[in-house]
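Written out below as structure tokens is the structure these notes cover.
Chain letters run A, B, ... following the sequence lines, proteins first, then strands; residues in each count from 1.
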2 protein chains.
Amino acid sequence: MQAIDGAVERATLPGLRERKKRRTRNTLTRCALELFARQGYDGTTVDEIAEAADVSQRTFFRYFANKEEVALALQEVEEEVAFAALAARPPHEPPLTALCNAAVASGRTVGEAIEAVVPLGLHLSTQRMIESTPQLLAARLRRLAVLEERFAAEIARREGLDPAADPRPRVLVAACSGVLRAASRVWGEDEDGDLDGLLRLITTYLEQIGPALAEGWRAAPAH
Amino acid sequence: MQAIDGAVERATLPGLRERKKRRTRNTLTRCALELFARQGYDGTTVDEIAEAADVSQRTFFRYFANKEEVALALQEVEEEVAFAALAARPPHEPPLTALCNAAVASGRTVGEAIEAVVPLGLHLSTQRMIESTPQLLAARLRRLAVLEERFAAEIARREGLDPAADPRPRVLVAACSGVLRAASRVWGEDEDGDLDGLLRLITTYLEQIGPALAEGWRAAPAH
DNA sequence: GAGATTATGGCAGTGACTGCCAGTTGCCCA
DNA sequence: TGGGCAACTGGCAGTCACTGCCATAATCTC
């Protein structure tokens, strides 16, 4: 019996309990993001989310430590995809090259992981909401800081360095992440949904790191 | 009478009301930081802070929008000092140079501005608390993001650039601020109070930005 | 010194979040 | 296949951050 079921479903390794939990979590996420989009983050109570997902408030807090966390649930997915993309770069690539390629690669694959939970349009409006809600922006920046450390550690590992002694991995990651954030914020302001546009913007921004450190900007304009 | 008082006190331009407000605010800050240091951030309620400062809880929230804000009150002072230091750099200095010099200069002057409110030792322990309390770290990172934008705008102004069109100011500031944060975190972990040590660490870290972007780390070690 | 401003205190109310206990459900093994 | 075990859930009471409202008291202005 189990063998047959396992053949039909993809990776039914986790039991019923596990699947149910994942389903509840996704339902909570979807309900929360829809409510946030419709009536704002502060205008939505946890009770409403729980009711929409047909669970008790107490259960909501067993899935998410706080209200912020459900708003950032998909950002966590993005982070994992991005880190996996870096880990997958061949070891011979220099650090900066590996980071750039990982950024482009994860930008192309992250879509379907998101779509498994909510439509992409809803995710985009959530990102705008995060950027404009102080509490959420703060929580997001902290997550990114943690992610940066993971990236720096991975870079150090690739290059065989001691991450505590050599500041270059952190320095490089800090510079790149700052650039990525600047690019994605500029992109998120006006355009809507043009993924290739974002990737192009990121690439041109990354190319500006070198010139930005040089002296005499006025003599040698950006482009 | 007022003329005599004014001669004794430095800049008594603001009236009694204004001075009283500043004093209440400083008292609240000092009481809060002392309580935080003694019993932790989460272990301290707003009521306790208000009682220690001898005001009502309602009044506390008229001085600080939330509990985080009082914990970060001195960080705000630091931010203003740092920005003023950049604004004071002569216009002929190239951007990166101006940023480095501003960092060093503000590091040397920020001490007394802090001492006017709480002893430096208390401020140091507060910084460690911020770094280790997720909620506070998040709020701090958001403040820094706002500050970065101000820095980028100022750099763009100095160089006569359109900050919306040219990404270099943001890129440069993002890189430097990432480096500063990494340096001050490393410094805050072990040492205690050696300000010159911090300034030296920051300088060496800033010098690593160039090498970090280069290829072939393994061939050309950090130092 | 009277009247306009502004700061303060107290209070009731909302909403996020937690600990606790009881009831239910999926899991595993004899 | 049934029964014991562990994990999941609901409900409730309680704490704490934070807000709106109104009355009172302190400054300021003329």
Side-chain angles (χ1 to χ4, degrees), chain A residues 1-3 5-6 9 12-29 31-32 35-36 39-73 133-136 138-139, chain B residues 1-3 5-6 9 12-29 31-33 35-36 39-73 133-136 138-139 142:
Chain A
M1 272 216 290
Q2 289 184 349
D5 284 353
E9 294 283 339
T12 320
L13 300 161
L16 170 60
R17 188 176 272 172
E18 213 53 38
R19 271 176 292 152
K20 222 170 178 177
K21 266 170 60 178
R22 186 187 318 250
R23 190 149 43 88
T24 304
R25 191 185 158 90
N26 285 348
T27 304
L28 277 169
T29 305
C31 292
L35 284 169
F36 291 158
Q39 48 194 41
Y41 179 73
D42 290 322
T44 304
T45 69
V46 172
D47 288 290
E48 286 177 297
I49 300 169
E51 189 184 5
D54 203 42
V55 296
S56 72
Q57 192 223 44
R58 195 66 189 82
T59 294
F60 173 92
F61 282 112
R62 289 202 178 92
Y63 280 88
F64 300 97
N66 46 50
K67 195 173 148 189
E68 296 164 8
E69 204 168 283
V70 69
L72 298 176
T133 306
Q135 190 188 353
L136 290 181
Chain B
M1 273 215 287
Q2 289 186 346
D5 284 353
E9 295 282 341
T12 322
L13 299 162
L16 171 60
R17 186 176 271 171
E18 212 53 37
R19 272 177 293 150
K20 223 171 177 178
K21 266 168 64 178
R22 189 188 314 251
R23 191 152 41 90
T24 304
R25 190 186 158 90
N26 284 349
T27 305
L28 277 169
T29 304
C31 292
L33 297 192
L35 284 169
F36 291 159
Q39 47 194 30
Y41 179 73
D42 290 323
T44 305
T45 68
V46 173
D47 288 291
E48 285 177 296
I49 300 170
E51 189 184 4
D54 202 41
V55 296
S56 72
Q57 191 224 44
R58 195 65 189 81
T59 294
F60 172 92
F61 283 112
R62 288 204 177 89
Y63 281 87
F64 300 96
N66 46 51
K67 194 174 149 189
E68 297 164 7
E69 204 168 280
V70 70
L72 298 176
T133 307
Q135 190 189 349
L136 290 181
R142 201 205 47 157

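When each of B/T133, B/D42, B/I49 is checked for a side-chain contact (heavy atoms from CB on, under 4.5 Å) with B/F36, only B/I49 meets the rule.
Remark: C1' of C/dT25 and NZ of A/K20 are 7 Å apart, rounded to the nearest angstrom. Summarising the geometry, the separation between CG on B/D42 and P on C/dT18 is reported as 10 Å, rounded to the nearest angstrom. As rounded to whole Å, 14 Å separates atom P of C/dT14 from atom CD of A/E48. B/L16 places its CG atom 14 Å from the C1' atom of C/dT5, with the value rounded to the nearest Å.
Atom-to-atom distance recorded for A/E48:CD and A/Q39:CD is 4.5 Å, nearest 0.5 angstrom. Distance check: A/Q57 CD to A/R62 CZ gives 11.0 Å after rounding to the nearest 0.5 Å.
A 4.5 Å side-chain heavy-atom check between A/V46 and A/F61 finds at least one atom pair inside the cut-off. The side-chain heavy atoms of B/R23 and B/K20, taken from C-beta on, include a pair separated by under 4.5 Å.
Open room surrounds CD on A/E51; 12 or fewer heavy atoms of other groups in view lie less than 6.0 Å from it. Within 6.0 Å of the CD atom in A/E69, the count of heavy atoms belonging to other residues, nucleotides or ligands exceeds 12. Counting non-hydrogen atoms of other residues, nucleotides and ligands closer than 6.0 Å to CG of A/D54 gives a total of 12 or fewer.
Of the possible donor and acceptor atoms, none in the side chain of B/Y63 sits under 3.5 Å from a partner among the backbone N and O of B/N26.
Taking the nucleotide of DNA chain D with the nearest heavy atom to each of A/E18 and B/T45, the more 5' of the two is matched to A/E18.
DNA chain D is contacted by B/N66, B/K67 of residues 66-73 of chain B, taking any non-hydrogen atom closer than 4.0 Å. The stretch residues 50-63 of chain B touches DNA chain C through B/V55, B/S56, B/R58, B/T59, B/R62, B/Y63, each having a heavy atom within less than 4.0 Å of the strand.
Residues A/F64 and A/L28 share a closest heavy-atom pair of CE1-CB, 3.9 Å. Pairing each heavy atom of A/K67 with each of A/Y41, the nearest pair is NZ-O, 3.1 Å.
Nucleotides of DNA chain D with any atom under 4.0 Å from a heavy atom of chain A span, from 5' to 3', D/dA6 to D/dC12.
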